[in-house]
**Q** 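Just passing along the structure, written as structure tokens.
This structure is a prediction, so every number in the text was calculated from the model and none was measured.
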Amino acid sequence: MDKNIYLINLYDLYGSLLTKKQQNYFEEYYFDNLSLKEISENYNVTRNAIFNVLKETEEKLKNYEEKLKILKKNKQILNIVKDETLKEEIEKIIERG
């Protein structure tokens with residue numbers, strides 16, 4: 001799985017556990033496709049500060065998944081379900097959290 005897609009999937013699951021600053025930087029970088037320079041200008045901080053917060057955020061997201069394994073379990077459940085209607089219903093439940 002592509003690293004960015006993986007991180008976005010983790011963010012969908014665990015993003016609410018992050019600080020507001022981490023959420024803002026992550027969303028601007030991964031969802032809005034802003035560069036580190038653009039984000040740093042938006043918040044009047046250094047590019048390096050943005051980079052460090054994003055790296056810390058990525059590690060937190062990976063750590064949450066390592067401990068809780070929610071993404072892994074969701075994929076395992078969807079892989080064993082053969083009935084497409086049932087699979088769609090499970091996906092809806094997963095997405096709603």
Side-chain angles (χ1 to χ4, degrees):
M1 179 185 301
D2 178 83
K3 176 191 168 204
N4 287 357
I5 293 171
Y6 178 68
L7 289 170
I8 289 168
N9 285 333
L10 293 180
Y11 182 82
D12 287 343
L13 291 169
Y14 307 115
S16 63
L17 302 174
L18 301 171
T19 67
K20 193 64 181 160
K21 178 170 67 172
Q22 290 169 329
Q23 291 173 6
N24 290 338
Y25 292 179
F26 187 94
E27 290 175 11
E28 289 191 12
Y29 188 76
Y30 286 99
F31 298 141
D32 300 336
N33 293 316
L34 297 183
S35 68
L36 297 177
K37 183 176 190 260
E38 291 169 317
I39 299 168
S40 70
E41 289 170 355
N42 288 346
Y43 293 94
N44 199 30
V45 296
T46 66
R47 182 189 165 285
N48 194 48
I50 300 298
F51 176 82
N52 290 336
V53 170
L54 283 172
K55 282 295 165 201
E56 175 188 327
T57 302
E58 291 171 8
E59 290 306 311
K60 275 188 170 184
L61 292 171
K62 290 175 187 175
N63 187 45
Y64 292 142
E65 176 61 15
E66 184 180 310
K67 302 269 191 268
L68 301 171
K69 297 181 181 14
I70 295 173
L71 183 62
K72 180 181 178 183
K73 290 174 186 174
N74 287 349
K75 288 183 181 203
Q76 288 174 334
I77 290 168
L78 291 173
N79 284 336
I80 63 172
V81 175
K82 301 299 180 207
D83 182 301
E84 286 301 316
T85 304
L86 182 57
K87 188 179 269 191
E88 289 173 10
E89 291 300 314
I90 292 171
E91 286 175 336
K92 288 177 188 175
I93 291 169
I94 290 171
E95 289 173 6
R96 281 184 265 169

**Q** Can you measure from OG1 (Thr57) to CG (Leu7) and round to the nearest 0.5 angstrom?
**A**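 One finds 10.0 Å between OG1 of Thr57 and CG of Leu7.
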**Q** Of all residues at least two apart in sequence or in a different chain, which pass the side chain to side chain contact (heavy atoms under 4.5 Å, CB included) check with Leu68?
**A**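 Leu68: side chain to side chain contact (heavy atoms under 4.5 Å, CB included) contacts with Tyr14, Ile70.
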**Q** Please list all pairs meeting salt bridge (Lys or Arg N to Asp or Glu O under 4.0 Å) that have one or both residues in residues 29-45, counting only residues at least two apart or in different chains.
**A**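 Every salt bridge (Lys or Arg N to Asp or Glu O under 4.0 Å) pair that includes a residue of residues 29-45, provided the two are not neighbours, is Lys37-Glu41.
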**Q** What pairs of donor and acceptor atoms, side-chain ones from residues 44-52 against any protein atom, are under 3.5 angstrom apart with sequence neighbours left out?
**A**
| from | atom 1 | to | atom 2 | distance (Å) |
| --- | --- | --- | --- | --- |
| Thr46 | OG1 | Ala49 | N | 3.0 |
| Asn52 | ND2 | Asn48 | O | 3.3 |

**Q** A side-chain contact here means heavy atoms from C-beta on lying under 4.5 Å apart; do Glu59 and Lys62 qualify?
**A**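 Yes. Closest side-chain heavy atoms under 4.5 Å.
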**Q** First locate atom CG of Leu13, then atom CD of Glu95, and finally report the distance between them rounded to the nearest 0.5 Å.
**A**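 Reported to 0.5 Å precision, the distance equals 10.5 Å.
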**Q** State the CG-CD distance between Leu17 and Gln22, to the nearest 0.5 angstrom.
**A**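 Separation between the atoms: 10.0 Å.
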**Q** Looking at residues at least two apart in the chain, or sitting in another chain, which of them share a side chain to side chain contact (heavy atoms under 4.5 Å, CB included) with Ile80?
**A**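 None.
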**Q** What salt bridge (Lys or Arg N to Asp or Glu O under 4.0 Å) pairs are there with at least one residue in residues 48-58, not counting sequence neighbours?
**A**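 Qualifying pairs, neighbours excluded: Lys3-Glu58, Lys55-Glu58.
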**Q** With ring-ring contact (aromatic ring centres under 6.0 Å, His included) as the rule and sequence neighbours excluded, what pairs involving residues 75-95 come up?
**A**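 Pairs touching residues 75-95 that pass the test: none.
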**Q** Apply side-chain contact (heavy atoms from CB on, under 4.5 Å) to Asn42 and Asn24, showing your working.
**A** CA-CA 11 Å; Asn42 288 346; Asn24 290 338; over 6 Å; no
**Q** Which residue, Tyr43, Tyr25, Tyr29, forms the side-chain contact (heavy atoms from CB on, under 4.5 Å) with Val53?
**A**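 Result for side-chain contact (heavy atoms from CB on, under 4.5 Å) with Val53: Tyr25.
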**Q** Could I get the full list of ring-ring contact (aromatic ring centres under 6.0 Å, His included) partners for Tyr30, not counting sequence neighbours?
**A**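 Checked Tyr30 against ring-ring contact (aromatic ring centres under 6.0 Å, His included); matches are Phe26.
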**Q** Can you sort out the partners of Tyr64 under side chain to side chain donor-acceptor pair (under 3.5 Å), two or more places apart, ordered by chain and number?
**A**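 Here no residue qualifies.
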**Q** Which pairs, with at least one residue in residues 6-29 and sequence neighbours excluded, count as a salt bridge (Lys or Arg N to Asp or Glu O under 4.0 Å)?
**A**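 Qualifying pairs: none.
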**Q** Which of these, Glu65, Lys67, Lys60, sits in a side-chain contact (heavy atoms from CB on, under 4.5 Å) with Asn63?
**A**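 The single option meeting the side-chain contact (heavy atoms from CB on, under 4.5 Å) with Asn63 is Lys67.
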**Q** Apply side chain to side chain contact (heavy atoms under 4.5 Å, CB included) to Gln76 and list each qualifying residue two or more places apart in sequence or on a separate chain.
**A**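 Only Lys72, Lys73 meet the side chain to side chain contact (heavy atoms under 4.5 Å, CB included) criterion with Gln76.
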